[in-house]
*Asks:* 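Right, I'll just put the structure down here and ask away after.
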Amino acid sequence: QVQLVESGGGLVQPGGSLRLSCAASGSIFIVNNMAWFRQAPGKERELVAVIASGSSTNYVNSVKGRFTISRDNAKNTVYLQMNSLKPEDTAVYYCNADIITAVGRRDYWGQGTQVTVSS
């Protein structure tokens with residue numbers, strides 16, 4: 001059984017920074033793509049950033065130049081460095097990972113961590 005545990009959310013002023021982390025644990029064979037999603041009140045969950053196993057990255061346009069996704073394969077951990085935060089970044093952030101275990105391949109989700117950007 002695989003679990004993704006997130007940390008790093010909190011309250012920050014506009015223009016501030018936060019660093020989210022998400023660690024996958026369990027009997028993992030391979031971690032493929034890892035990603036961060038977010039969901040604001042009344043809105044659909046959206047993909048924020050994705051990083052492949054080879055560390056190529058993609059971002060939603062609204063965070064380009066401000067957010068950086070990275071991963072530590074030895075720790076099965078994905079990070080999201082968020083700089084120049086804006087109120088519209090306020091959301092619950094969820095990590096996601098495409099993982100192969102002994103029973104096959106599937107996506108796993110973290111529990112979510114609240115990010116609030118407010119003065």
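Heavy atoms only: backbone and side chains are in, while hydrogens, waters and symmetry mates are out.
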*Asks:* Do the side chains of Val12 and Val48 join up, straight or via other hydrophobic residues, at under 4.5 Å, putting them in one cluster?
*Replies:* yes
*Asks:* Hey, is CD on Gln3 packed in by over 12 heavy atoms from elsewhere, all under 6.0 Å?
*Replies:*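 No, CD of Gln3 has 12 or fewer neighbouring heavy atoms, counting only those of other groups under 6.0 Å.
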*Asks:* Can you tell me if CD on Gln1 sees more than 12 non-hydrogen neighbours from other groups inside 6.0 Å?
*Replies:*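 Counting other residues, nucleotides and ligands, CD of Gln1 stays at 12 neighbours or fewer.
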*Asks:* Take Thr113 and Leu20 through the side-chain contact (heavy atoms from CB on, under 4.5 Å) test and state the conclusion after the steps.
*Replies:* CA-CA 8 Å; Thr113 185; Leu20 307 183; 4.1 Å; yes
*Asks:* Mind listing the closest non-hydrogen atom pair of Gly8 and Leu18 along with its distance?
*Replies:*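 Reported closest heavy-atom pair: O-CD2, 3.8 Å.
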*Asks:* What are the two closest heavy atoms between Val78 and Cys95, and how far apart are they?
*Replies:*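 The pair with the smallest heavy-atom distance is CG1-CB, 4.4 Å.
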*Asks:* Identify whether the distance between the nearest side-chain nitrogen and carboxylate oxygen of Arg106 and Asp98 falls below 4.0 Å.
*Replies:* no
*Asks:* If you measure from CD on Glu44 to CD on Glu46, what distance do you get to the nearest 0.5 Å?
*Replies:* 10.0 Å
*Asks:* Taking Val31 as the starting point, is it possible to reach Ile51 by hopping between hydrophobic residues whose side chains are less than 4.5 Å apart?
*Replies:*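 Yes; tracing contacts between hydrophobic side chains, which count when under 4.5 Å, links both residues.
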*Asks:* Heavy atoms, side chains only, cut-off 4.5 Å: are Pro14 and Leu85 in contact?
*Replies:*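 Not in contact.
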*Asks:* In the structure I gave you, are the side-chain heavy atoms of Met82 and Val63 within less than 4.5 Å of one another anywhere?
*Replies:*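 Answer no - side chains too far apart.
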*Asks:* Tell me the closest heavy-atom pair linking Ser21 and Thr77, and the distance in Å.
*Replies:* CB-CG2, 4.5 Å
*Asks:* Less than 4.5 Å apart, side chain to side chain, heavy atoms only: is that true for Ile30 and Ile28?
*Replies:* no
*Asks:* Can you see which heavy atom on Ala52 is nearest to which on Arg71, and at what distance?
*Replies:* O-NH1, 3.0 Å
*Asks:* Roughly how far, to the nearest 0.5 Å, is OG of Ser27 from CD1 of Ile100?
*Replies:* 14.5 Å
*Asks:* Given side-chain contact (heavy atoms from CB on, under 4.5 Å), test Asn73 with Ser53 step by step and report yes or no.
*Replies:* CA-CA 8 Å; Asn73 290 331; Ser53 60; 5.8 Å; no
*Asks:* Hydrophobic cluster membership, with links at side-chain heavy-atom distances under 4.5 Å among I/L/V/M/F/W/Y: are Val115 and Phe37 in one?
*Replies:*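 Different clusters.
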*Asks:* Minimum heavy-atom separation for Gln81 to Ser17, with atom names?
*Replies:*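 In this case the closest contact between Gln81 and Ser17 is NE2-CB, 4.0 Å.
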*Asks:* Do the non-hydrogen side-chain atoms of Ile69 and Trp36 ever get within less than 4.5 Å of each other?
*Replies:*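 With C-beta onward as the side chain, the pair touches.
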*Asks:* Taking C-beta and beyond as the side chain, do Ile99 and Leu4 meet within less than 4.5 Å on heavy atoms?
*Replies:*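 Ile99 vs Leu4: side chains touch.
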*Asks:* Do you know which two heavy atoms are closest between Glu6 and Gly112, and how far apart they sit?
*Replies:* OE2-N, 3.2 Å
*Asks:* A side-chain contact here means heavy atoms from C-beta on lying under 4.5 Å apart; do Thr57 and Val50 qualify?
*Replies:*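 A side-chain contact under 4.5 Å is absent here.
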*Asks:* So Tyr94 and Arg38, do their side chains get closer than 4.5 Å, heavy atoms only?
*Replies:* no
*Asks:* Are Val60 and Val117 connected, step by step, through hydrophobic side chains (Ile, Leu, Val, Met, Phe, Trp, Tyr) whose heavy atoms are closer than 4.5 Å?
*Replies:* yes
*Asks:* Do Tyr59 and Tyr93 sit in the same hydrophobic cluster, where Ile, Leu, Val, Met, Phe, Trp and Tyr count as joined when their side-chain heavy atoms come under 4.5 Å apart?
*Replies:*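 Looking at the clustering, Tyr93 is in the same group as Tyr59.
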*Asks:* Is Arg45 close enough and on-axis enough to Trp109, meaning under 6.0 Å and within 45°, for cation-pi?
*Replies:* yes
*Asks:* List in chain and number order the residues that pass ring-ring contact (aromatic ring centres under 6.0 Å, His included) with Tyr108, two or more places apart in sequence or in another chain; answer none if no residue qualifies.
*Replies:* none
*Asks:* Do Asp72 and Tyr79 touch side chain to side chain, with heavy atoms closer than 4.5 Å?
*Replies:* yes
